Q: 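Here it is: the structure, laid out below.
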There are 2 protein chains.
Amino acid sequence: MTVAKKITINDVALAAGVSVSTVSLVLSGKGRISHATGERVNDAIEKLGFVRNRQAVSLRGGQSGVIGLMVRDLSSPFYAELTAGLSEALEAQDRMLFLTQCGGDGARSERCLSTLLSQGVDGVIIAGGAADTGATLRELAAARGVPLLYASRASYLDDADIIRPDNMQAAQLVTEHLIRRGHQRIAWLGGRSSSLTRAERLGGYCATLLQYGLPFNSDWVIECESSQKQAAEAIGTLLRRNPTISAVLCHNNTIAMGAWFGLMRGGRQGGEGGMESYYDRQVALAAFADVPEAALDDLPVTWVTTPAREIGHTLAGRMLQRINDDEGAPRQQIIPARLVPQR
Amino acid sequence: MTVAKKITINDVALAAGVSVSTVSLVLSGKGRISHATGERVNDAIEKLGFVRNRQAVSLRGGQSGVIGLMVRDLSSPFYAELTAGLSEALEAQDRMLFLTQCGGDGARSERCLSTLLSQGVDGVIIAGGAADTGATLRELAAARGVPLLYASRASYLDDADIIRPDNMQAAQLVTEHLIRRGHQRIAWLGGRSSSLTRAERLGGYCATLLQYGLPFNSDWVIECESSQKQAAEAIGTLLRRNPTISAVLCHNNTIAMGAWFGLMRGGRQGGEGGMESYYDRQVALAAFADVPEAALDDLPVTWVTTPAREIGHTLAGRMLQRINDDEGAPRQQIIPARLVPQR
DNA sequence: TTGAAAGCGATACCAT
DNA sequence: ATGGTATCGCTTTCAA
């Protein structure tokens with residue numbers, strides 16, 4: 001493959017019959033350039049197909065126009081959606097995204113950040129993970145004067161600039177919705193007790209129940225892996241033991257689907273005492289969803305969605321602020337969830 | 001925020017009492033450096049927390065260590081998974097990913113590529129989309145001597161270096177599986193007739209049927225939006241009109257889920273003539289899946305999965321080849337699908 | 001309004 | 001085995 005000689009501002013300057021300084025001024029729109037000269041330079045740029053070398057710009061001290069993103073795992077719908085939103089918003093600002101997957105690993109996170117910095121990013125966003133090595137990472141970034149932003153599903157970092165979903169509000173929203181629909185006995189299904197997100201949501205659920213003078217029964221809060229099979233079994237057991245439960249709040253969409261299958265099966269089997277009763281009574285399902293609204297499963301379920309894409313947009317906006325005028329005060333931005341009532 | 005002065009090789013050289021050339025040689029492991037000097041330099045690097053500026057390297061003519069990725073839409077599970085795999089494999093090679101979302105838009109694609117090139121990427125991968133502007137894009141990349149690789153869900157580019165899933169084989173695989181399980185009358189549900197992926201899959205399905213001497217009936221191939229509701233209705237209509245059908249092949253997981261609901265509902269409603277018959281006969285479902293195996297829905301369905309992550313890995317490997325020794329011959333690499341029999 | 005020249009950080013050739 | 005230095009493409013004073 002023959003590599004055409006790269007076009008530089010020198011070539012442009014030559015073609016336009018001006019100096020490189022002039023070309024640079026035209027490019028950046030600074031300095032007062034006569035209209036005629038501007039025209040000629042732009043023509044030359046057009047004709048030669050010149051594209052400005054950002055690395056040289058950045059080396060000289062300018063911005064690279066690149067934001068680094070460290071994401072725990074891109075294949076998770078939540079982070080994929082967040083990343084898509086972030087990339088979208090950045091591109092609208094003529095910036096780009098540098099992507100790394102840092103996993104949960106601390107040492108790996110440091111290497112990732114180092115790489116990002118060595119590439120001259122204007123800022124770094126850490127989405128999920130890297131909670132433990134927070135201090136080291138922040139020192140690294142601070143030493144380079146690069147703004148660091150966090151996006152997280154739960155609020156484990158109090159003193160950092162962070163954007164996150166409002167898990168508590170989400171739980172309150174959906175719990176209140178169920179109550180308004182007449183449910184008095186609402187159970188919880190799914191998630192591991194070690195999950196911070198779950199803890200926050202449970203807080204909102206619990207608070208709302210008490211606020212409405214309804215019973216909060218810890219036997220009605222069931223831990224469960226995110227597996228349809230396990231959820232289906234778990235809801236069966238739950239309802240058999242507690243036949244008065246009229247609504248179940250599911251930790252995520254997998255749980256919701258499993259729960260629904262569980263209800264179907266229970267109803268279908270029929271004639272087994274308690275089993276058919278709750279189907280006939282139409283136990284209501286509600287669930288938290290990780291996916292964008294358009295991708296919600298078509299189940300008879302009320303969803304609460306965390307607007308991951310919106311979080312991405314917000315991150316882009318906040319990063320722009322940080323880059324332009326570094327208001328040092330760490331700040332928390334909390335993005336509310338939306339309710340999608342059962343259709 | 002106080003920005004610590006950036007550490008350069010000059011600082012390292014000073015600290016180690018050697019020249020910058022020596023530091024550079026130690027960094028790149030070229031030239032013969034005495035062990036003692038090497039030690040001293042590395043100590044200084046460690047002590048000062050020096051990180052090499054890749055922009056300067058790249059400006060001087062070295063590699064940037066960055067691969068550009070233009071992806072149609074990151075929030076689609078297939079591309080998210082592909083991107084995750086690619087990023088994973090690249091990081092193992094000490095390279096990074098530059099991400100852009102180019103949508104389907106031609107002009108936008110050109111701008112994306114331009115930006116990538118201006119950032120000094122060592123190579124570019126286009127995943128989905130940008131089919132129409134192929135020629136322009138390739139010229140742009142070629143002019144800069146940057147290798148261009150395609151990843152696509154269907155084979156619309158014959159003369160390019162491309163990696164893609166084997167849609168035909170996938171369809172053959174699953175169709176054959178159904179036949180071996182004793183199904184003779186297999187219908188197709190889902191997808192739009194304008195979809196290239198679907199066309200290729202239909203080809204495999206059709207070929208396999210004929211190969212086994214089974215009837216291929218175009219009335220049994222149903223177009224359908226990827227919506228659970230529509231799929232549920234469509235399968236109902238299909239089976240009512242063609243009660244002899246014993247298996248249905250679904251274009252994706254949404255269709256599969258809808259189809260399954262359709263079967264459930266049909267079975268449940270009972271007593272409506274044809275409606276109950278097909279439920280009792282246990283119509284088998286099989287489906288193509290976009291998601292990784294671990295994320296498959298827990299349905300009584302036989303899945304064929306396109307290994308998106310593997311495609312990502314393969315892309316990384318091929319890109320490495322292209323960067324190192326540019327064997328110009330465009331080459332197609334076709335990644336086979338895997339069967340996940342109904343559990 | 002425009003041009004000349006210094007310098008950003010790293011590399012590699014040419015000396016020593 | 002090391003050191004000096006021109007160079008990559010661009011921005012930015014300082015002069016003209």
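These numbers come from a predicted model, not from an experiment.
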Q: What's the closest nucleotide to the Lys6(A) side chain, out of dA1(D), dG9(D), dT11(C)?
A: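 Side chain of Lys6(A) sits closest to dG9(D).
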Q: Do the side-chain N or O atoms of Thr8(A) get closer than 4.0 angstrom to the phosphate oxygens (OP1, OP2) of dG9(D)?
A: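 Negative; the distance criterion is not met.
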Q: Which nucleotide, dC10(D), dC8(D), dG4(D), lies nearest any side-chain atom of Leu59(B)?
A: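 For Leu59(B), the side-chain atoms sit closest to dC8(D).
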Q: Rounded to whole Å, please give me the gap between CD in Gln63(A) and C1' in dG9(D).
A: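 Those two atoms, CD and C1', are 18 Å apart.
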Q: Can you see if the side chain of Thr22(A) gets near the phosphate of dG3(C) - specifically, an N or O under 4.0 Å from OP1 or OP2?
A: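 True: Thr22(A) side-chain N/O within range (under 4.0 Å) of dG3(C) OP1/OP2.
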Q: Report for the helix from dT1(C)-dA16(D) to dT16(C)-dA1(D): angle between first-end and last-end helix axes, five pairs each, rounded to 10 degrees.
A: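 Inter-axis angle at the termini of the helix from dT1(C)-dA16(D) to dT16(C)-dA1(D): 40°.
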Q: From CG of Asn53(A) over to P of dA10(C), roughly how many Å is that when rounded to an integer?
A: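 After rounding, the reported distance stands at 16 Å.
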Q: Using only side-chain N and O atoms of Ser21(B), determine if any of them is under 4.0 Å from OP1 or OP2 of dG3(D).
A: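 No, Ser21(B) has no side-chain N/O under 4.0 Å of OP1/OP2 on dG3(D).
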Q: Is a donor-acceptor contact shorter than 3.5 angstrom present between the side chain of Ser34(B) and the base of dA1(D)?
A: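 It does not, because no donor-acceptor pair links the side chain of Ser34(B) to the base of dA1(D) below 3.5 Å.
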Q: Please determine if a side-chain N or O atom of Thr37(A) lies less than 4.0 Å away from the OP1 or OP2 oxygen of dT2(C).
A: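 Looking at the OP1 and OP2 atoms of dT2(C), one of them is under 4.0 Å from a side-chain N or O of Thr37(A).
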Q: Kindly point out which of dT2(C), dG3(D), dT1(C) is positioned nearest to the side chain of Ser19(B)?
A: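 Closest nucleotide among those given: dG3(D).
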Q: Could you tell me the separation between the CD1 atom of Ile311(B) and the OG1 atom of Thr83(B), rounded to the nearest 0.5 Å?
A: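 Reported value, rounded in 0.5 Å steps: 11.5 Å.
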Q: Rounded to the nearest 0.5 Å, what's the gap from OG1 on Thr100(A) to CG on Leu74(A)? Could you check?
A: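 Interatomic distance, Thr100(A) OG1 to Leu74(A) CG, rounded to 0.5 Å: 9.5 Å.
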Q: Consider the side chain of Leu25(B), meaning its heavy atoms from C-beta on, and name the nucleotide among dT2(D), dT2(C), dC8(C) that approaches it most closely.
A: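 It is dT2(D).
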Q: Would you tell me if any nitrogen or oxygen in the side chain of Ser58(A) comes within less than 4.0 Å of OP1 or OP2 on dC10(D)?
A: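 Looking at the OP1 and OP2 atoms of dC10(D), neither is under 4.0 Å from any side-chain N or O of Ser58(A).
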Q: Between Ser64(B) (side chain) and Gly120(B) (backbone), is there a donor-acceptor pair under 3.5 Å?
A: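 It does hold such a pair.
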Q: Does the side chain of Thr22(A) pick up a donor-acceptor pair with the side chain of Ser19(A) at under 3.5 Å?
A: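 Present: a donor and an acceptor within the cut-off.
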Q: With no hydrogens and no angle check, do the side chains of Gln119(B) and Thr115(B) hold a donor and an acceptor under 3.5 Å apart?
A: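 No, because no side-chain N or O of Gln119(B) sits under 3.5 Å from a partner of the opposite role on Thr115(B).
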Q: Check whether any side-chain N or O of Ser28(A) sits under 3.5 Å from a backbone N or O of Ser24(A) as a donor-acceptor pair, and report yes or no.
A: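 At least one qualifying donor-acceptor pair exists.
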Q: Are Lys30(A) and dT12(D) close enough that a side-chain N or O sits under 4.0 Å from OP1 or OP2?
A: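 Affirmative; the distance criterion is met.
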Q: If you go through the side-chain atoms of Arg60(B), does one of them form a donor-acceptor pair with the base of dT7(D) closer than 3.5 Å?
A: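 For Arg60(B), whose side chain was compared with the base of dT7(D), there is a donor-acceptor pair (under 3.5 Å).
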